[in-house]
Amino acid sequence: QVHLVESGGGWVQAGGSLRLSCTASGRTFTREAMGWFRKVPGKERDFVAAISWKTGYKYYADSVRGRFTISRHSANVTAYLEMNSLQPEDTAIYYCAVRPASTSFPIGWFRDEDTYTFWGQGTQVTVSS
């Protein structure tokens, strides 16, 4: 079993910044990618960002590109999401997820939550205006 723990959520005023962390523990496996998604009550869970564990290539949703930065620390098996210029519409529960190694890469795979096998419990981010 793989256990993901998110941290770093909280409350911030519009224009502020937060840094989320996601650390994986448990059984050893080859990670293809780690991603961040967010969910607002009553809406679908949306893709935010993802990073290829091997290459470090980064993917972003249009709504966060230029404001959010995803990174990874291989030794700590941790992914980070640096969030700057936060706006009230960024308020959501943020989830990290892991996609194990795969040979299947359909178009837009990184934004499809069904391709991610393991999920964290989520961390709340609240941005006030």
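Keep in mind that what you see is a predicted model, and the values were worked out from it rather than measured. Worth knowing before you read on, the calculation uses all heavy atoms, side chains too, and leaves out hydrogens, waters and symmetry mates.
Note that the CD1 atom of Ile51 and the CZ atom of Arg72 stand 5.0 Å from one another [nearest 0.5 Å]. Annotation: the span from Thr91 atom OG1 to Glu89 atom CD amounts to 8.0 Å, rounded to 0.5 Å.
Nearest heavy-atom pair across Val77 and Trp53 is CA-CZ2, 3.9 Å. Heavy-atom minimum distance, Tyr60 versus Ala49: CD2-CB, 3.7 Å.
Note on residues 30-78: no pairs pass disulfide bond (SG atoms under 2.5 Å apart), not counting sequence neighbours. Among pairs with a residue in residues 117-129, none fulfils salt bridge (Lys or Arg N to Asp or Glu O under 4.0 Å), at least two apart in sequence or across chains. Within the structure, the side-chain hydrogen bond (donor to acceptor under 3.5 Å, both in side chains) test picks out the following pairs touching residues 110-122 (sequence neighbours left out): Arg45-Glu113. Sorted by first then second residue, the salt bridge (Lys or Arg N to Asp or Glu O under 4.0 Å) pairs that include residues 47-65, not counting sequence neighbours, are Asp62-Arg65. Contacts classified as disulfide bond (SG atoms under 2.5 Å apart) and involving residues 40-69 (residues at least two apart or in different chains) are not found. Listed by first and then second residue, the side-chain hydrogen bond (donor to acceptor under 3.5 Å, both in side chains) pairs involving residues 77-86 are Ser17-Asn84, Thr23-Thr78 (not counting sequence neighbours). Sorted by first then second residue, the disulfide bond (SG atoms under 2.5 Å apart) pairs that include residues 63-120, not counting sequence neighbours, are Cys22-Cys96. The salt bridge (Lys or Arg N to Asp or Glu O under 4.0 Å) analysis of residues 4-15, with sequence neighbours excluded, yields no pairs.
In this structure the side chain of Pro88 never reaches within 4.5 angstrom of the side chain of Gln13, judged on heavy atoms. Looking at Ser104 and Trp109, their side chains never come closer than 4.5 Å, going by heavy atoms from C-beta outward. Counting heavy atoms from C-beta on, the side chains of Tyr95 and Lys39 come closer than 4.5 Å. Phe105 is listed as a side-chain neighbour of Glu32, based on a closest heavy-atom distance under 4.5 Å. Using a 4.5 Å heavy-atom threshold, the side chains of Met83 and Leu81 count as touching.
Here Val40 pairs with Lys43, Ala92 under the side-chain contact (heavy atoms from CB on, under 4.5 Å) rule; sequence neighbours left out. Considering only residues two or more places apart in sequence or on other chains, Arg67 meets the side-chain hydrogen bond (donor to acceptor under 3.5 Å, both in side chains) condition with Asp90. Applying the side-chain contact (heavy atoms from CB on, under 4.5 Å) test to Thr55 and every residue at least two apart in sequence or in another chain returns Ser52, Tyr57. Listed by chain and number, the residues in a ring pair (Phe, Tyr, Trp, His ring centres under 6.0 Å) with Phe110 are Phe47, Tyr59 (sequence neighbours excluded).
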| field | Leu86 and Phe68: CA distance, side-chain angles, deciding distance, side chain to side chain contact (heavy atoms under 4.5 Å, CB included) verdict | value | CA-CA 9 Å; Leu86 283 162; Phe68 291 12; 3.7 Å; yes
| Step-by-step side chain to side chain contact (heavy atoms under 4.5 Å, CB included) determination, Val125 to Leu18 | CA-CA 8 Å; Val125 171; Leu18 285 173; 3.8 Å; yes
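Using a distance-only test at 3.5 Å, with no hydrogens or angles considered, a donor-acceptor pair links the side chain of Thr123 to the main chain of Gly9.
Among Leu20, Ile70, Val64, the single residue meeting the side chain to side chain contact (heavy atoms under 4.5 Å, CB included) criterion with Val48 is Val64.
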